[in-house]
Amino acid sequence: MSGLLVVGLLVDTMPVRTMLKINHFDGVTRFDLARTFAGRGRYWTTAYLVDGMMMDTGCAYCAPGLVNALSDETVVRIVNTHSHKDHIGANGHLQHQRDGLEILAHPWALPILADPRGKQLLQFYRRMFWGWPEPSLGQPVADQALIKTEHHCFRVVYTPGHGPDHLCLYEPEQGWLFTGDLFVGGWDRAIRTDYDIWQIIASLKQIAMLPVVKLFPGSAQVLEYPKRELDSKVSYLEDLGEQVLELHQQGWEVKAIVRTLCGGPMLVELLTLGHFSRRRLVLSYLGMNDEYLL
Ligand SMILES: [Zn+2]
């Protein structure tokens with residue numbers, strides 16, 4: 001039995017404690033969810049409730065807490081921004097609990113919702129922080145489809161890159177944009193193996209064109225009038241991509257490009273056993289795959 005498997009089994013038997021924070025933003029309820037280690041929440045993810053509709057449902061470990069927090073709320077629909085396990089964790093619980101609850105997601109996400117264990121790897125660090133979601137039954141939602149709630153009308157915007165099945169929800173009357181994991185602040189030096197950096201840039205450009213008053217991300221803080229942040233992020237990623245391509249054309253090896261443009265080793269590379277890496281960012285710019293074993 002490998003050491004990693006032993007540690008994985010130990011993690012599965014550890015008592016699970018979680019943390020839940022609730023904040024309100026003029027009709028939008030925000031739930032920040034995390035498993036705790038040593039009394040502190042780690043690897044926070046966010047879900048939202050608007051007008052009877054949940055946007056994402058956190059990770060599996062946090063599902064009981066979220067279900068409990070929603071016990072007095074009307075929830076008739078869930079929309080998943082994508083199929084990562086920290087966004088679908090309470091789908092199954094809520095669907096079992098509430099007759100007729102509708103779950104909408106990108107069509108490519110549906111097989112993962114239906115069989116989270118079978119259809120998507122759960123790397124060690126994600127198993128530790130998120131756990132395995134219960135299966136749920138979703139319906140496909142098309143790009144540009146309109147989703148009506150009692151007081152709002154949301155437009156679906158397909159935004160691949162963070163994953164192929166990623167979407168955002170836009171409410172034009174209020175200027176709300178729910179971005180899942182498409183937009184994260186800061187200047188990326190590493191990405192995950194399944195990201196497509198050029199698609200991320202194209203999707204960010206697409207949402208940067210929308211008149212947005214409030215951007216509700218899948219983690220991190222809510223942003224008001226986020227166009228400047230979105231444009232800055234696009235510029236940074238495009239500039240970095242141009243530098244990567246230029247050095248590659250000059251014959252530089254990937255390792256040297258990584259060292260020169262992405263800086264030194266990162267803690268996240270260690271903690272995720274390389275699932276997040278600077279190398280993967282450079283390879284994604286170059287349209288290359290890496291041999292990655294886990
Ligand atoms: Zn994600």
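Counting starts at 1 for both ligands and their atoms, in listed order. All values below were derived from every heavy atom in this structure, side-chain atoms included, with hydrogens, water molecules and symmetry-related copies excluded.
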Q: Please state whether the separation between the Zn ion (ligand 1) and some N/O/S atom of His87 is under 2.8 Å?
A: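 No, outside the cut-off.
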Q: Hey, which N, O or S atom on His82 ends up closest to the Zn ion (ligand 1)?
A: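 Looking at His82, the N, O or S atom with the least distance to the Zn ion (ligand 1) is NE2.
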Q: Could you tell me whether the Zn ion (ligand 1) has an N, O or S atom of His166 under 2.8 Å away?
A: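 Within the cut-off used here (under 2.8 Å), His166 places no N, O or S atom near the Zn ion (ligand 1).
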Q: Is there an N/O/S atom in Asp181 that lies less than 2.8 Å from the Zn ion (ligand 1)?
A: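 For Asp181, the answer is yes, given that an N, O or S atom comes within less than 2.8 Å of the Zn ion (ligand 1).
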Q: Taking the N/O/S atoms of His84 one by one, which is nearest to the Zn ion (ligand 1)?
A: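 The closest N, O or S atom of His84 to the Zn ion (ligand 1) is ND1.
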Q: A side-chain contact here means heavy atoms from C-beta on lying under 4.5 Å apart; do Tyr285 and Trp198 qualify?
A: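 SC-SC contact between Tyr285 and Trp198 confirmed.
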Q: Against His93, only a single residue in Asn68, Leu70, Val67 fulfils side-chain contact (heavy atoms from CB on, under 4.5 Å); can you say which?
A: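 Result: among Asn68, Leu70, Val67, Val67 is the only option passing the side-chain contact (heavy atoms from CB on, under 4.5 Å) with His93.
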Q: Using a 3.5 Å cut-off and no angle test, enumerate the donor-acceptor pairs between side-chain atoms of residues 201-219 and protein atoms at least two apart in sequence or in another chain.
A:
unit_1	atom_1	unit_2	atom_2	d
Ser203	OG	Pro160	O	2.7
Ser203	OG	Gln199	O	3.2
Lys205	NZ	Glu238	OE2	2.6

Q: Can you list every salt bridge (charged side-chain N to carboxylate O under 4.0 Å, His left out) pair that touches residues 179-191, not counting sequence neighbours?
A: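 Found Asp188-Lys233.
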Q: Any donor and acceptor pair, going by atom type alone, linking the side chain of Arg280 with main-chain N or O of Thr193 inside 3.5 Å?
A: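 The answer is yes, because a donor-acceptor pair under 3.5 Å joins these two groups.
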